[in-house]
Amino acid sequence: MEKSIFTFIEKCVACKGCEIACAVEHSSDKTLFGALADNPRPRQRVRVEAAGAYSYPARCQHCQEAACIAACPMGAMTRDPDTHAVYVDSHKCVGCWMCVMVCPFGGVSADPVAKKAHKCDRCPERTAVGLDPACVAACPTKAMVFATPEEIAELRRQATAAAAAGIATTPVASSVAAWRTMKGGA
Amino acid sequence: MRIVIVGNGPAAVAAAETIRDLDGGCGIVMVSQESVPFYSPCPLAEYVEASVPRAHLFLRPESFYRDLGIETRFGLAATAVDSAARKLTLGSGAAATQLEYDRLLIAAGARAVMPPLPGLADTPGVFALKTLADAEGILARLAQVRRAVVIGSGFIGLEAAQALVRKGVAVTVIEAMGQVLPQMLDAELAALVESRLREHGVDVRTNSAAQAVLGGAAGVAAVKAGGVDIPCELVVCAAGVRPDVAWLAGSGIATAAGVLVDDRMATNLPGIYAAGDIVETNDSLGQRRVIGNWPNAVNGGRIAGLNMMGVERRYRGLDGINVVRIFDLPVSSFGGRDGERSLCRKEGGHMRKLALRNGRIVGGQFYGDVNGTGLYHELMNKGVDVGSFEDELLAPGFGIGRLMPQPPLPLRRAA
Ligand SMILES: Cc1cc2nc3c(=O)[nH]c(=O)nc-3n(C[C@H](O)[C@H](O)[C@H](O)COP(=O)(O)OP(=O)(O)OC[C@H]3O[C@@H](n4cnc5c(N)ncnc54)[C@H](O)[C@@H]3O)c2cc1C
């Protein structure tokens, strides 16, 4: 299977390095100084959100059955046939915001300046040359990993083994129930 | 096997693509009363205002029907269904023809409501804004238009009003109810929309019901509303849309406001399905409704296509979502406004409201900033009890992160 971005929220320290790296990657010359000079300022497509005791770099999940693609009345929300990433063709987007209405993750936002849908494109220029997406590359704690599901399963096995070797667990926040309901019917 | 699809909108096309994906060999015939290839009606106002080029309305390449091996019967209206003989009638009178089907999909959309007002139906210069032909009719007339009256302040009426303002036309919007966007917003949010429309030069008249269209063979001269004549050279009638089920009378297909379908998009008759704006079925909360929008059409079309080919797939229900831009400012709503309580947050000229019942979100309204609407909508659809984090819902920074499962925190042992 192709690679996608996995998140280990217990490792996120909310440094927001991913947000900056994302904005820089989506700026005109892809440097921090260039990005600061861009007008309008490039906007990041990942947002570090509070997640109970943790924080979570929220972004588009590139869903297999993406609600945003079905909802787009301009044919602007598209899946890349090679990487399977979902991206916005901004020439076709008219900013009607149907995608914002239907994304259950808040993964698409309305860019009030450009008036175009705004979301993670999984950095096609970087991944085409074998690099990780900018947010993943910038994450100092490896809270985000660009990998195949098989590679992730292996990482999780190792993590579980480490946990079994001495780390106990605390009660889980009540919102887990909410998350399960959300995932359950999806 | 021969599949016949009535319609050439998103529901019809989503179904046709799904069916072709599953079966490369079956016959697919698409019937449409319009002669143009599949297009999106959603940007018609933008097409009128010239911010979207005509080519962008067409969402498939010219070779689409050929590539998918779809036979087309365009420019012909379906007029009757004989379900016993499995035949669809096209056209009427001497020109009527019949088309046999093994499975039939009814995806004929909705029709603009044209109220029975004197002069409305037969005065030149009166248009709906529903089809490409309507938009082209408006465009062809624009050169002679200084003033326009828009009847109805639903989202299509307001989109039409903005497009005309941007074309330099003086626009009056008349609305029979006491507020604009009556289906979508409560009075408080509607008042914000009304002032924004007025700031941009739209003459908004609420509690003003259209009584007659005045004029003659040369064209419309005025609209009489609330006892006064409003002079104009163009009328856009945006008094709502409604499924057209009249032609199905006598077919045995069960209808109410729309064609009744179950969660497989199947009608009461074997082999006959329906999808898109024409259906009446359960919404995501289990209430039977007619809710026309693009996502419902595409998702319903897909579900219909799968079930027509024997792949059982159930629809989770229609989504009641709306979004409109008022001179570039986004305004959205979902669900209902009949909560027991409501949460409200006002900030920098924006307003967000959620309606709650039994600890659950039952609807929302957003003015100025619609980001995150999808997450609230999903919380409603899934019936998530938000009681324990209700005060965080509208706070800045609320997002999917708040709902993440919490991995175990490592316990620090006392040294
Ligand atoms: C101006 C405008 C703006 C809109 N903006 C939005 C928006 O921003 N977001 C959104 O979600 N939705 C929007 N909508 C609604 C959206 O376009 C519809 O919900 C959607 O197109 C419905 O799809 P459908 O396939 O059911 O029907 P339609 O797209 O209406 O297609 C119906 C098809 O059936 C054909 N037909 C009808 N009757 C017959 C007959 N008797 N015989 C043969 N053929 C027939 C028609 O020619 C047409 O091809 C907008 C609509 C309009 C008009």
Side-chain angles (χ1 to χ4, degrees), chain A residues 7-10 47-58 61 67-76 91-92 94-110 112 115 163 166-186, chain B residues 10 14 40-43 46 51-52 56-60 293-295 297-299 302 316 319 321-325 328-330 332 334 368-379 381-386 388-389 392 397-411 413:
Chain A
T7 309
F8 297 87
I9 72 168
E10 63 275 29
R47 185 175 81 145
V48 178
E49 292 174 353
Y54 299 97
S55 50
Y56 172 68
Q61 303 293 308
C68 57
I69 296 180
C72 178
M74 295 308 297
H91 295 292
K92 292 183 180 166
V94 297
C96 77
W97 316 133
M98 287 310 289
C99 50
V100 176
M101 298 297 295
V102 300
C103 176
F105 302 104
V108 194
S109 58
K115 314 234 162 8
I167 300 165
T169 62
T170 54
V172 158
S174 66
S175 53
V176 179
W179 172 254
R180 290 230 176 86
T181 338
M182 298 272 288
K183 294 287 268 190
Chain B
S40 177
C42 304
E46 287 87 345
S51 64
V52 168
H56 281 199
L57 305 179
F58 299 96
L59 303 188
R60 293 292 180 277
N293 61 41
W294 189 272
V298 170
N299 293 325
R302 215 174 262 166
R316 78 167 191 184
D319 282 327
I321 51 180
N322 308 282
V323 56
V324 58
R325 288 155 296 159
D328 294 333
L329 204 75
S332 72
F334 68 86
D369 176 8
V370 299
N371 286 335
T373 314
L375 178 56
Y376 300 116
H377 177 238
E378 188 72 359
L379 288 168
N381 280 347
K382 294 278 164 66
V384 171
D385 188 339
V386 297
S388 65
F389 52 95
E392 295 171 49
F398 176 80
I400 188 75
R402 182 61 185 79
L403 304 165
M404 281 284 155
Q406 300 283 294
L409 280 172
L411 274 192
R413 247 174 260 151

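The sequence lines fix the lettering, A, B, ..., with proteins before strands; numbering per chain opens at 1.
Nearest heavy-atom pair, B:Phe398 versus A:Glu49, reported as atom, atom and distance to 0.1 Å: O-OE2, 4.5 Å. Here the shortest heavy-atom pairing between A:Ala71 and B:Trp294 reads O-CD1, 3.4 Å. Nearest heavy atoms, B:Gly399 versus A:Arg47: CA-NH2, 4.1 Å. The minimum heavy-atom distance linking B:Leu375 with A:Pro104 is given by the pair CD1-O, 3.3 Å. Taking all atoms of both residues into account, the shortest heavy-atom contact from A:Cys96 to B:Val323 is O-CG1, 3.2 Å. Contact detail for B:Asn371 and A:Ala110: the closest heavy-atom pair is OD1-N, 2.6 Å.
Contacts of A:Ala50 with chain B are made by backbone atoms alone, with heavy-atom separations under 4.5 Å and no side-chain atom involved. Only the side chain of B:Arg302 comes within less than 4.5 Å of a heavy atom in chain A; its backbone stays farther off. Contacts between B:Val52 and chain A at a heavy-atom distance below 4.5 Å involve the side chain alone, from C-beta outward. Residue A:Cys72 touches chain B through its backbone alone, counting heavy-atom pairs closer than 4.5 Å.
Among A:Gly106, A:Gly107, A:Ser109, the residue making the largest number of heavy-atom pairs under 4.5 Å with chain B is A:Ser109. Top candidate by heavy-atom pairs under 4.5 Å with chain A, chosen from B:Asn322, B:Asp328, B:Val386, B:Asn299, is B:Asp328. When A:Cys103, A:Gly75, A:Ala76 are compared by the number of non-hydrogen pairs under 4.5 Å with chain B, A:Cys103 comes out ahead.
Panel note: side chain B:Arg325, backbone A:Gly95; a donor-acceptor pair is recorded below 3.5 Å.
Residues forming a ring-ring contact (aromatic ring centres under 6.0 Å, His included) with B:Phe334 (at least two apart in sequence, or on another chain): B:His377. Remark: A:Glu10 pairs with no residue by the salt bridge (charged side-chain N to carboxylate O under 4.0 Å, His left out) rule, at least two apart or across chains.
From A:Trp97, atom CH2 reaches atom CD1 of B:Ile321 across 15.0 Å, with rounding to the nearest 0.5 Å. Interatomic distance, A:Met101 CE to B:Asp319 CG, rounded to the nearest 0.5 Å: 9.0 Å. Atoms OG and CE, on B:Ser40 and A:Met74 in that order, are 6.0 Å from each other to the nearest 0.5 Å.
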